Amino acid sequence: MKIVGEPLPRVDAKPKVTGRALFVDDIKFANMLYIRVVRCPHPHAKIISIDLEEAKRLNGVEAILTAKDIPGKNAVPLVYQDQPFIAESEVMFSGEPVAIIAATLPYIARRAEKLLKIKYENLPTVIDPREAMKPEAPRIYKDDNIIVHYKTRKGISNNPFNNSESVIIEGRYTTPHQEHAYIEPQGVLSYLGPNGNIKVMGSMQCPFYVQSAVAQILGLSLNEVEVEQAVTGGGFGGKEDVPSILAGLSALITYKTGRPAKLILDREEDIKAMSKRHPAFIHYRTSSDKTGKLLGVEVEYILNAGAYSSLSTIVAWRGAIHALGPYNCEYVKVDVYAAATNTVPNGAFRGFGTPQIIFAHERQMDRLAVKLNIDPIEIRKINALREGHKTATDQALSDSVSFLKTIEKAEEISEWHLKKNKPQKNETQKRGLGVSSFIYGVGLGAGGAIYAKAASFVQITKDGGVIVAVGTTEMGQGMKTVLSQIAAQELGVNLDKVHFLEANTSRVPDSGPTVASRATLMSGNSIIDACIKLKQNLLPVAVEVLELPPENIEFFDEKVGNNKKNISFMELIDKAYKKRVNLTSQGWFCAPECTYDMETGLGSPYFTYAFGTIVSEVDVDINTGQVDVLRLYCVHDVGKAINPQTAEGQIQGGALQGMGYGVFEEIIFPEGIIKNADFSTYIIPTAMDAPEIIPVLVEEAYKGGPYGAKGLGEPSLMGVAASISNAVSNAIKRDVFSLPVKGEYVWNLLNTTIKEKVRN
Amino acid sequence: MRWDKIDISFYVNQRAYNLKVYSSTTLLTILREELGLTGTKKGCGSGECGACTVILNGKTVNACLVLASQIDCAYIETIEGVSKDGKLSRLQDSMISEGAVQCGFCTPGIIMSAKNLLDNNSSPTEEEIRTAISGNLCRCTGYSKIVSAVKKCSEVRKNAGCICS
């Protein structure tokens, strides 16, 4: 019976195609209030006064709260607790909350907002992280505006940059903010439980983060707060940490008024005030010998953290570890800085600090290839990490190192050598071919060690159905389906027998966040653990009924026993139920130990890595600079595709989001205020922009993963923008140093002579 | 907002409704708040994402941009009317079988756009399909499997010799 590995239809698709799936804004309670968050428009200001009186008197306004109304602690619990739920006296970014209004109807809350009288005094701002790091910059975060600094020092006793024989390539790269643009805006709903406890539901990736945040703002203990995830319309990391803030605000209203309260962000507010991908300024130096073999890299990677630390500490950490790329190299000197600015605090976004650095290291590899007249795919093969090699952090790779296979597959499937020498389409369109490769540590790694665990709950009902619950969340990536397949395979039942519950903090213990491409691996292993225990409970009954030794008993095809002697699963369950066997079990899985030295940046920071190679074909219009992406070949080493169809869907979706990052998307924020906060000015790809996306799976089982699976959530986006930038450079024979490769940028590259070429 | 209430009569999914609403209430609000039909989604509120796509008098519209005063005597189809008595339409079946559904938020709007295309063009080309859904933003799928699903549906219908999607 084959369930794992089959492209079975998603288990949650039916309610989604009928419109019956309940997203948070589809849910309404009687007596519910609608919340409007009042946000400071200035990037850095002191709050002089807030006059609520006239607004409070408006009919239908039930509460207007500020920071002083917070009964618990006004700090969002994340890595550092430096961000308030509501600004107290000083606002650090445009969009920061200063008050919340709850009214009986949404339009009343908006009217009340207009009646508030708030006086601000503007303070000096710093917008560029490089400026923020200078001694003369205004101090907006601690002493030096540097939230965190991570470094890697590997093999530094032998510096190849001092060797006059080595070939050196140097470049300065910039990348923009990327907005998640989940089609469902952020939203939460809170209400009182039967005993006065607080219940929250919402669009979120991390119910346990939200639980901690609500408990913190209200001064409650965790067991007084229950959080359940609603059907969530996309996250991509944008719903990792900020739902904690929204839920805190909503819960505060419920706590004070006793009424259910719903907070749904409007799109402009969502884009202006919610977290983004960190913009980056990267200075990269690469040294190789004349055969193209890498000798060393020196990297300075500056992240624009925004006004508070949010997840910058971990983004910077990942950036440091991944700065070299999937290559074998002796000398690695990396410094990553997350510097504070008066802009939106940047957080998690698919790739988490890696898409920026991949762009840099892949442009470097291509420039090296061009300089040495080596084929770009060839130079990556020369330097590719293989089993037995050591990574940038000096970790010996032993298992599931299929990087070379991804390069070879990409080379083959894209017909690389054939296409390389294709003549250009016509006078005005130049054809370009580009490749990029990447490595990605799956899971939270050493940086998230205390969260590297996952719980599950599996129950068999007396009618032979299966109920599964985990602590990680479905946000469109197909987690429910993949995990249902694992449970069904383990218990030998048909997939439609498995019912998957919503993630709820009262159902399973803290299983960490749904990030870092960890859900399949962590929750999958946890479910296997639970199913093994369940089968152990059932085994004595099966042994008695079948008169077979335990080692001859399997669960398969809705049967229990072996091919010669068996009973139906239903029959076994019926008998077990009547014997009062415990038909439930709790699964638990902890990730293998990871290590990391803060001084050297060396260790084994992740227990397994995913690899990928992306080949892209583009046409560049030399008159307008417009880039048309024609084809993306996306080859991913996933260990095992539990469901090849959902894996392909992830690769295609991630590739298009990566293409958006490479070609269209950038947040424009002169002086710290976002100017393009809607979908006509922040452009994400439509169906007509989408190229042909060819997903290819490389499956070489990772022994520690469920059925060999690793992770794909983030790798699916990574490397695409880098590949496109290489293709564009190839097409126009000019070097791309900046994302996105929008028309104006490419046109400038084409129309600037070498002497005038501006390097950031 | 204009503060006058008007009486309007209209059909949604072949059912007649009579409402007294503010003339500037949007069709999206009417569907979701007045009629409890929450299948049509609000993604942006300004006609840019297509999550609120419905069929109004045979044409696809962004319900967030249609005012109450515009729907008097109108015939509206929403996602709730696509399946009949719990039986999924061929288009809905194809969306599932082709893996075209991920987070599901754009799905109702996409289905309405695709349905309207297929109702008027039984064998659309890939380009026609992409054009028809170009006003529906999707951030999860990359659109590839959505296009396959619409193609599959048109093939299934052709084989069944039937024009209903």
Side-chain angles (χ1 to χ4, degrees), chain A residues 7 9-10 12-23 25-28 107 180-185 231-236 264 266-268 474-478 632 643 645-646 648-657 659-660 678-680 684-690 692-693 695, chain B residues 1 29 32-33 36-51 78-83 86 88-89 91-111 127 129-147:
Chain A
R10 286 180 62 126
D12 55 349
K14 186 167 173 188
K16 289 175 178 178
V17 301
T18 57
R20 281 199 170 180
L22 291 177
F23 297 83
D25 198 17
D26 300 331
I27 300 167
K28 217 165 28 171
Y107 82 86
H180 305 84
Y182 27 71
I183 309 299
E184 185 212 8
V231 178
T232 293
F236 316 109
I264 307 287
D266 63 44
R267 181 57 65 176
E268 184 181 342
E474 168 71 61
M475 60 185 99
Q477 81 280 45
L632 292 169
N643 183 319
Q645 187 181 63
T646 58
E648 277 180 8
Q650 273 293 85
I651 293 173
Q652 289 163 337
L656 194 64
Q657 197 176 42
M659 178 185 128
D678 54 50
F679 290 137
S680 8
I684 69 172
T686 67
M688 293 177 75
D689 302 305
E692 194 190 339
I693 305 170
Chain B
M1 272 194 79
T29 303
R32 291 179 57 81
E33 305 294 325
L37 296 170
T38 58
T40 306
K41 307 298 179 195
K42 180 177 176 184
C44 72
S46 44
E48 292 170 342
C49 73
T78 71
I79 187 69
E80 287 88 350
V82 174
S83 53
L88 297 181
S89 73
L91 179 57
Q92 287 168 315
D93 272 330
S94 303
M95 290 285 287
I96 296 177
S97 68
E98 293 302 296
V101 181
Q102 290 193 28
C103 84
F105 199 77
C106 78
T107 304
I110 289 241
I111 288 177
E127 192 171 342
I129 295 171
R130 286 183 181 272
T131 306
I133 62 169
S134 60
N136 296 88
L137 294 180
C138 172
R139 200 52 158 162
C140 296
T141 66
Y143 306 100
S144 313
K145 292 188 188 300
I146 295 174
V147 172

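All values below come from the heavy atoms of this structure, side chains included, with hydrogens, waters and symmetry mates left out. All figures in this text were calculated on a predicted structure; none of them were measured in a lab.
Across A:Glu474, A:Gln652, A:Arg10, a single residue satisfies side chain to side chain contact (heavy atoms under 4.5 Å, CB included) together with B:Gln102, and that is A:Arg10.
The heavy-atom pair separating A:Gly233 from B:Phe105 by the smallest distance is CA-CB, 4.1 Å. Across all their heavy atoms, B:Ile96 and A:Ala13 have their closest contact at CG1-CB, 3.8 Å. Of all non-hydrogen atoms in B:Gly142 and A:Leu656, the two that sit nearest each other are CA-CD2, 3.6 Å. In this structure, B:Gly104 and A:Phe23 approach most closely via the heavy-atom pair C-CZ, 3.8 Å. The shortest non-hydrogen separation linking A:Thr232 to B:Cys103 is O-CB, 3.7 Å. Between B:Ile79 and A:Val17 the shortest heavy-atom distance is CD1-O, 3.3 Å.
Contact of A:Pro7 with chain B is not made at all, since no heavy-atom distance falls under 4.5 Å. Neither the backbone nor the side chain of B:Ser46 comes within contact range of chain A; no heavy atom of the residue lies under 4.5 Å from a heavy atom of that chain. For A:Lys28, the part sitting under 4.5 Å from any heavy atom of chain B is the side chain, from C-beta outward, and nothing else. In this structure, chain B has no heavy atom under 4.5 Å from any part of A:Glu692. Looking at A:Asp689, neither its backbone nor its side chain comes within 4.5 Å of chain B, counting heavy atoms on both sides. Heavy-atom distances place both the backbone and the side chain of B:Ile133 under 4.5 Å from chain A. Only the backbone of A:Ala21 has a heavy atom closer than 4.5 Å to any heavy atom of chain B. For B:Leu137, the parts sitting under 4.5 Å from any heavy atom of chain A are the backbone and the side chain alike. B:Thr131 touches chain A through backbone and side chain together, each having a heavy atom under 4.5 Å away. There is no contact between B:Glu127 and chain A, counting heavy-atom distances below 4.5 Å.
The side-chain heavy atoms of B:Glu80 and A:Thr18, taken from C-beta on, include no pair separated by under 4.5 Å. Proximity of A:Pro685 to B:Arg139: side-chain heavy atoms (C-beta onward) are separated by under 4.5 Å at one or more points. Using a 4.5 Å heavy-atom threshold, the side chains of A:Asp26 and B:Arg32 count as touching. The closest side-chain heavy-atom distance from B:Cys140 to A:Tyr182 is not below 4.5 Å.
Using modelled atom types, no side-chain atom of B:Arg130 and backbone atom of A:Met688 make a donor-acceptor pair closer than 3.5 Å.
Of all the listed residues (A:Gly653, A:Gly19, A:Gly476, A:Ala687), the one sharing the greatest number of non-hydrogen pairs under 4.5 Å with chain B is A:Ala687.
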Worksheet item: Hey, mind stepping through A:Asp25 and B:Lys41 against salt bridge (charged side-chain N to carboxylate O under 4.0 Å, His left out) and telling me if it holds?
Response: CA-CA 9 Å; A:Asp25 198 17; B:Lys41 307 298 179 195; over 6 Å; no
Item to complete: Applying salt bridge (charged side-chain N to carboxylate O under 4.0 Å, His left out), run through B:Lys145 and A:Glu648 and close with a yes or a no.
Response: CA-CA 9 Å; B:Lys145 292 188 188 300; A:Glu648 277 180 8; 2.7 Å; yes
